[in-house]
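Residue numbering restarts at 1 for every chain, and letters A, B, ... go by the order of the sequence lines.
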Amino acid sequence: MKPDKGGQTVRVLAARLFFWLALSACAWPAGQARASDWVSERNGPEGQATLYAPAAQPLKEWYYFYKTTMRYRPGLAVWASPALADVADHPLAFIGGHTQTLLALDLEDRRVAWLKVTNGEITAAPAVGEVRGRPVVFFTSADRSVYALEAASGETVWTRELFPASPTLGHALLTAPVLHAGRLYLTAFVYDKSLARNQQRAWLLCLDQASGDELWRIAAGNGAVNSAVGFEALGRFYLAWSSRKGVVQCWQAEPGPARLVWKYQMPQEVFGSPVVQTAPAPRLYIGSKFGNLACLDALTGRRLWQRLAGHWIDNSACLGSWEGQTAVFVGSHDYRLYAYDAEDGHLLWSLALGGEVYTAPVFFRTGNGPRVAAACLDNRLYVAQASTGKLETAFFIGEPLWDKAPKGETPLGSPAAVVTAADAALVLGSHSGIIGVFPLKQPSQFRDRPRSFRGLWLSVPAVVLVFLGVVLPVLLRWRGRS
Amino acid sequence: MTEWWQALGGWAAEAGSTAIAHLKLLERALLGLEDSYVELLTVLALGLLAALPVVVPRRHRQVWRRLTQVFGIFIFIFVVYTCMGVFGMISNFFRGFGEIGRENILALYFASVPVTILVTSLLFGPFFCGWICPTGSSQEFLGLLTRSWHQRRQAAGFPFSRVFFIGSLLLTAFFLLWLYQLSVTRIFFAEDATVYWSLIVVVLLLLMSWKLAAWDGPLRRLKHLSFFLVVAAAVVHVRITSPVHFGFAKVVDPASILATVIVVAAALLLPRIWCRYLCPWRLAISWASRYSPRRIEFTAGRCTRCGRCTLACDIGAIRNGVVNPRECHMCLRCVDLCPENALELKEEWRKDSEAGPACPQ
């Protein structure tokens, strides 16, 4: 009997189709990206930290300073990065700090919607997700707890203490939550140097997003860790983070039990979190204090390229795309903001700014094209064109409240952006203690006018000419009268 | 007897509680000055330092002055953050002045140091310039390296000096190269206009290679322009940092570091060049000290024309034994070096005194 070639082909095709459908069905729960997912401290895996709000009205300038009625100051006003979300048609900024308070700021009405006082410093940005269809803000505090509060009202949904208190417990470092498919992930490091309760380990924890129940925790290295970033690939959900010692590690979190996929040692310490480009192939970008910006294959940990900035990189990078071009932006302590081609790492542009760039950049699109912004230790927040690196404007963000802060090791927050139909605004908890909303087009009393390279060098001969041609003759003539 | 003791005890208890109540009042007042105690201490220190020139023995007065200058550099750079350099003191004065009646603590915070300097200059003369000012002291300390060379030039009437000219050219090149390096690595703002003051310093040096003797007097009036520019900037709320500002700043201020290095290095070629020609605060102090009862008096009959005082004066304020009060820094080197006591420090606190016309009517 001759084989039925046509039937055989159909059967093979059907079997393959069934196999792929079955595989997709298995992977569906893990690969289902939901609108309420919040996979990094900067919201998306690209670290853009931008909210595209439906509000038609542009946001106005606003400066909020947290004043307490207490005679003492409950910690310094070192603000963490804000998390922006549109709640009940109002753009809200959720921001915590060393004041141990999480603030929900209504950026449209310019008022404090609510606040929540915890028992420890809040050093990481919150995450905004959903519980039973209602927007909920999740954040961690140095009181070793995770909080879930109603985003609109601040009412407690649940709180969970992750580590028990003990008399010898040192500092607790709980990083920003990652929300994915109904689960909340975070990395943590709680330090206890006593012999009896010695703790030096870092942990990866997984909680149920709706109830706060702890699902599992695994030891994930030693020492302090930075916030994790989540990304999806091949139907799986991965978490990647770095330790302060410079070890970048990637874990498969879903489906199944968590397992280590790869580890990569960066040169010197790492103070930022990785950012991930998910398409076409997942790539991970991270900078180190040595000044290296590394691009790794996010699935294998293999280094694809590495570039050296002029000085420390002590915060996360940020990815941005326009006209088929994807760039990775990173600030360095050599006063420069760098834009590298995400594909091969060649330098697109670098922009000299007025001080050490200490924040992660924020990328956002406006009607006039893509923009990138970052704050520097010269107390300014700079905005530049993302495609060309041309400086557009700058804002004065105030003098630091304290001095002698160790540069590069202070967990100062990074800016976030709100883009409305009419304008864009930057939100930053400044080291001056002020949380500022800086609109790009609207009037702002703290807008600064940076001087160009050419302008400076034209002004030098101009000053000499005025001095020699006008001031000097007047002074010499004045001598005759005196 | 017992009643007497009881009465005494009651009186003591009442007096004690009254004293404690008063202390509480004082404490409340001091608590209200939270964050301003450093400035209050500065006010106190400046007041005490004003008495130093007349309190310390004349034989060791210059040693005391050096110690005070070192102390001045330390206290202004590490303690008094509201000073912010010579330009900053002027803008802070305006800021503090504007806060009176609204935020009195802020007014005290920002205006206390400049007001104290002006008041002590009014009372005790321009001793701040000669004894405390960190900018002037830095220049003076570096100028010590070339003082004898400068004095020889001064004795010869400041002829053209190849060394002076080459030094000026080198400093100009150094300034331009550093400015270029800064311009490609950072953004400049209006507050970095301090680099234009250092630009004028190098231009002045180049001019002074030939014209120091002839143009020294008229160019001292540059202080008026400098004062006007800084005051105008303060009035319109444009902040301009000054040399040595980086010592007060909480972040790295490369433009101010550049200006400071240029100003201090220029003092190698011309002592206290900043104080001579450009310091706006020096102008304000000379206005205030015009009415000071403390001044240096010259007795022509004792003078032997030895010229020691003229050579000793870094600022060039002495001509033929006569001290120009508008330029004098009250360092008292001339007084201490005069072998005939032709120059003396005099004070006239009462108008009807017969000590001479020290205080203009």
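With a threshold of 4.5 angstrom between heavy atoms, V471(A) approaches chain B through side-chain atoms but not through N, CA, C or O. Heavy atoms closer than 4.5 Å to chain A are found nowhere in L182(B), neither backbone nor side chain. At a 4.5 Å heavy-atom cutoff, the contact between L204(B) and chain A is made by side-chain atoms alone. With a 4.5 angstrom heavy-atom cutoff, L351(A) does not touch chain B via any of its atoms.
When all heavy atoms of Y196(B) and V463(A) are compared, the closest pair comes out as CD2-CG2, 3.6 Å.
For R307(A), the CZ atom counts as densely surrounded, since its 6.0 Å shell holds more than 12 non-hydrogen atoms of other residues, nucleotides or ligands. Heavy atoms of other residues, nucleotides or ligands lying less than 6.0 angstrom from CZ of F160(B) number more than 12. Other residues, nucleotides and ligands contribute only 12 or fewer heavy atoms inside 6.0 Å of the CZ atom of R319(B). The 12-atom threshold is exceeded at CG of D341(A), counting heavy atoms of other residues, nucleotides or ligands nearer than 6.0 Å. Within a 6.0 Å sphere centred on CZ of F290(A), heavy atoms belonging to other residues, nucleotides or ligands number 12 at most.
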Please report the C-alpha distance between L219(B) and L472(A) in whole Å, then the side-chain angles of each, then the deciding distance to 0.1 Å, and finally whether the side-chain contact (heavy atoms from CB on, under 4.5 Å) criterion is met.
-> CA-CA 8 Å; L219(B) 283 180; L472(A) 192 61; 3.3 Å; yes
Should I200(B) and V464(A) be marked as a side-chain contact (heavy atoms from CB on, under 4.5 Å) after you check the CA-CA gap, both sets of side-chain angles, and the distance that decides it?
-> CA-CA 7 Å; I200(B) 295 302; V464(A) 175; 5.8 Å; no
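Here the side chains of L225(B) and V474(A) are not in contact, with every heavy-atom distance at 4.5 Å or above.
If you take CG on L199(B) and CZ on F467(A), they are separated by 9.5 Å, rounding to the nearest 0.5 Å. Here the straight-line distance linking atom CG of L456(A) with atom CG of D192(B) works out to 9.0 Å at 0.5 Å rounding. Between the CG atom in L475(A) and the NE2 atom in H224(B) there is a gap of 10.0 Å [rounded to 0.5 Å].
Between chain A and the options L176(B), V203(B), L179(B), the largest number of non-hydrogen pairs under 4.5 Å is found for L179(B).
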